[in-house]
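The model shown is predicted, which means the values in this text are computed figures rather than measured ones. Residue numbers begin at 1 in each chain, while the letters A, B, ... track the order of the sequences. FYI, side chains are in, hydrogens and waters are out, and symmetry mates aren't considered; it's all heavy atoms of this structure.
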Protein chains: 2
Amino acid sequence: MPENTVTRELAGKGLSPAGIRHTGMKVRHMKKESTKETYTISALAEEFDISTRSIRFYEEKNLISPQRTDGNQRFYTRRDRARLKLILRGKRFGYSLEEIAEIIGMTDIDIDEEGQITKALKFGKKRLDELRERIHELTLLEQDLTTFQDKIQNRLEELNKSKS
Amino acid sequence: MPENTVTRELAGKGLSPAGIRHTGMKVRHMKKESTKETYTISALAEEFDISTRSIRFYEEKNLISPQRTDGNQRFYTRRDRARLKLILRGKRFGYSLEEIAEIIGMTDIDIDEEGQITKALKFGKKRLDELRERIHELTLLEQDLTTFQDKIQNRLEELNKSKS
DNA sequence: CTTATAGTTAACGTTAACGTGAATTATATT
DNA sequence: AATATAATTCACGTTAACGTTAACTATAAG
């Protein structure tokens with residue numbers, strides 16, 4: 001098992017042609033509290049503890065679409081960052097990238113076409129139902145684990161009692 | 001994408017050497033309301049909508065250990081069935097089979113060794129924390145989705161108003 | 001007893017989701 | 001300007017989690 005080798009592409013530094021770059025290191029010359037902060041790929045990779053390869057892979061799958069600098073390098077906006085967060089959250093819940101793409105796609109619907117809207121509504125309803133069931137299941141699991149914890153905790157105390 | 005081809009190994013029928021077999025078809029000669037009901041592999045496969053291959057695969061990975069009949073066929077107890085449920089639940093939450101094995105393994109600890117118990121306690125605590133964070137995240141996601149639903153619902157009503 | 005169905009092992013195939021270089025270009029630091 | 005980092009585009013490799021025959025045995029139904 002290759003243990004997530006620390007990518008040789010690590011933190012970048014400093015400014016960018018397209019705004020303030022967040023690279024994990026101090027910014028040099030922050031002109032203004034602009035809202036146009038952007039992130040390099042390795043900054044995001046480090047923040048979310050994934051590889052840059054993964055981020056590019058998500059792009060291949062059209063889950064995210066960063067812009068490029070003059071020098072053809074990707075940069076990510078706050079919105080891109082939020083989307084990446086969503087992707088990773090979806091993964092943690094066991095969704096495949098394909099499913100995640102479908103979910104994300106729903107947020108990009110044409111809000112002026114009735115057909116699209118009703119479709120999105122139905123889709124969202126289905127997802128919501130699933131979600132609520134998952135929350136329920138998780139809560140059950142939590143209770144199970146908690147009682148299990150209590151049980152072995154008691155067992156431990158008993159063991160210590162019998163020792164003294 | 002191969003669409004989960006309906007396995008050619010489907011519902012079995014009737015009795016078994018080792019008790020009442022649940023095969024999806026009616027039982028022939030139920031002697032007693034015994035608690036020793038068992039299930040065939042295909043019965044479980046059908047119930048949980050997975051392939052028999054998957055179940056055998058989980059066995060290869062030591063996630064489940066059914067007994068065998070004289071004729072070398074697997075049969076599953078209620079306890080096995082519960083475990084399978086657990087496995088599938090774990091999968092739905094994005095755990096790998098390896099992680100699930102680790103979690104399941106914790107329920108099989110030697111309850112008389114202090115070291116084992118404290119280890120299990122720590123492990124369980126970590127899992128519980130993760131779980132609670134997940135529940136929290138899911139709840140957030142639910143709220144997001146709900147407001148999104150409301151939004152497009154409103155948009156739809158507006159569209160219909162302007163039509164009349 | 002015959003004949004469908006089910007179930008078994010073994011082995012190779014497949015797909016998603018990246019990992020891992022290699023060669024090249026862009027930025028940043030001194 | 002020189003040098004060290006980062007980033008980019010292929011392209012092939014890897015791993016988990018099964019899918020898919022194939023060849024054979026066990027059970028159930030008529």
*Asks:* Apply salt bridge (charged side-chain N to carboxylate O under 4.0 Å, His left out) to B:D112 and list each qualifying residue two or more places apart in sequence or on a separate chain.
*Replies:* A:R155

*Asks:* To the nearest Å, how far apart are B:Y76 OH and C:dT8 P?
*Replies:* 7 Å

*Asks:* Tell me every residue that passes side chain to side chain contact (heavy atoms under 4.5 Å, CB included) with A:K125, counting only those two or more places apart in sequence or in another chain.
*Replies:* B:Q149

*Asks:* For nucleotides 24-26 of chain C, print each protein N/O atom paired with a nucleotide N/O atom at under 3.5 Å, atom names and distance only.
*Replies:*
| residue | atom | partner | partner atom | Å |
| --- | --- | --- | --- | --- |
| C:dA26 | O4' | A:Q73 | OE1 | 3.4 |
| C:dA26 | O3' | A:Q73 | OE1 | 3.3 |

*Asks:* Report the nucleotide, chosen from C:dG7, C:dC18, D:dT8, that has the shortest atom-to-atom distance to any side-chain atom of A:R56.
*Replies:* D:dT8

*Asks:* Side chain of B:I41 only, please: which of C:dG19, C:dT8, D:dT8 is the nearest?
*Replies:* C:dT8

*Asks:* Would one find more than 12 heavy atoms of other residues, nucleotides or ligands at under 6.0 Å from atom CD of A:Q67?
*Replies:* no

*Asks:* Just jot down the side chain to side chain contact (heavy atoms under 4.5 Å, CB included) partners of B:L97, sequence neighbours excluded, or say none.
*Replies:* B:F57, B:Y58, B:L63, B:I87, B:K91, B:I100

*Asks:* Applying salt bridge (charged side-chain N to carboxylate O under 4.0 Å, His left out), name anything that partners A:E99, two or more places apart in sequence or on another chain.
*Replies:* none

*Asks:* Ignoring backbone atoms, establish whether A:S42 has a side-chain N or O less than 4.0 Å from OP1 or OP2 of D:dA7.
*Replies:* yes

*Asks:* When you measure from the side-chain N and O atoms of B:K91 to the phosphate of D:dA16, is any distance below 4.0 Å, counting only OP1 and OP2?
*Replies:* no

*Asks:* To the nearest angstrom, how far is A:F57 atom CZ from C:dT15 atom P?
*Replies:* 14 Å

*Asks:* Is there any protein nitrogen or oxygen under 3.5 Å from a nitrogen or oxygen in nucleotides 1-3 of chain D, and what are the pairs?
*Replies:*
none

*Asks:* Holding to side chain to side chain contact (heavy atoms under 4.5 Å, CB included), I want the full list of residues that pass it with A:L145, two or more places apart in sequence or in another chain.
*Replies:* B:R127, B:L128, B:L131

*Asks:* Look at B:K61 and D:dT15 and indicate whether a side-chain polar atom (N or O) is within less than 4.0 Å of OP1 or OP2.
*Replies:* no

*Asks:* Taking only the side-chain heavy atoms of A:S51 (C-beta and beyond), determine which of C:dG19, C:dT8, C:dA17 contains the nearest atom.
*Replies:* C:dG19

*Asks:* Tell me the interatomic distance from B:E60, atom CD, to C:dT8, atom C1', rounded to whole angstroms.
*Replies:* 12 Å

*Asks:* Whole-Å distance between D:dT25 P and B:R68 CZ?
*Replies:* 16 Å

*Asks:* Passes side chain to side chain contact (heavy atoms under 4.5 Å, CB included), B:L84 versus B:F48? Steps please.
*Replies:* CA-CA 9 Å; B:L84 182 54; B:F48 294 115; 3.6 Å; yes

*Asks:* Partners of B:N154 by side chain to side chain contact (heavy atoms under 4.5 Å, CB included), sequence neighbours excluded?
*Replies:* B:E157

*Asks:* For B:R81, give me all partners under side-chain hydrogen bond (donor to acceptor under 3.5 Å, both in side chains), at least two apart in sequence or on another chain.
*Replies:* B:E47

*Asks:* For the side chain of A:R74, starting at C-beta, report the closest nucleotide among C:dA17, C:dG7, D:dT8.
*Replies:* D:dT8

*Asks:* Atom CZ of A:R92 to atom P of C:dA17: distance rounded to whole Å?
*Replies:* 16 Å

*Asks:* How many whole angstroms separate atom CZ of B:F48 from atom P of D:dC18?
*Replies:* 15 Å

*Asks:* Is the shortest side-chain heavy-atom distance between B:E37 and B:Y39 below 4.5 Å?
*Replies:* yes

*Asks:* Nearest to the side chain of B:R53 - C:dT9, C:dA11, C:dG19?
*Replies:* C:dA11

*Asks:* At less than 4.0 Å, is any side-chain N or O atom of A:T40 found next to OP1 or OP2 of D:dA7? Yes or no.
*Replies:* yes

*Asks:* When the C1' atoms of the five terminal pairs at each end define the local axes, what inter-axis angle does the helix from C:dC1-D:dG30 to C:dT30-D:dA1 show, to 10 degrees?
*Replies:* 30°

*Asks:* Can you list everything that forms a salt bridge (charged side-chain N to carboxylate O under 4.0 Å, His left out) with A:E114? Sequence neighbours excluded, please.
*Replies:* B:K163

*Asks:* Starting from P on D:dC18, measure out to OH on B:Y58 and report it in whole angstrom.
*Replies:* 4 Å

*Asks:* Output the rounded distance in Å from CZ (B:F75) to P (D:dT27).
*Replies:* 12 Å

*Asks:* Taking atom CD as the centre, does A:E130 end up with more than 12 heavy-atom neighbours from other residues, nucleotides or ligands that are less than 6.0 angstrom away?
*Replies:* yes

*Asks:* Hey, is the side chain of A:S54 poking within less than 4.0 Å of OP1 or OP2 on C:dG19, counting only N and O atoms?
*Replies:* yes

*Asks:* Please name all residues satisfying side-chain hydrogen bond (donor to acceptor under 3.5 Å, both in side chains) with A:E142, sequence neighbours left out, ordered by chain then number.
*Replies:* B:R132

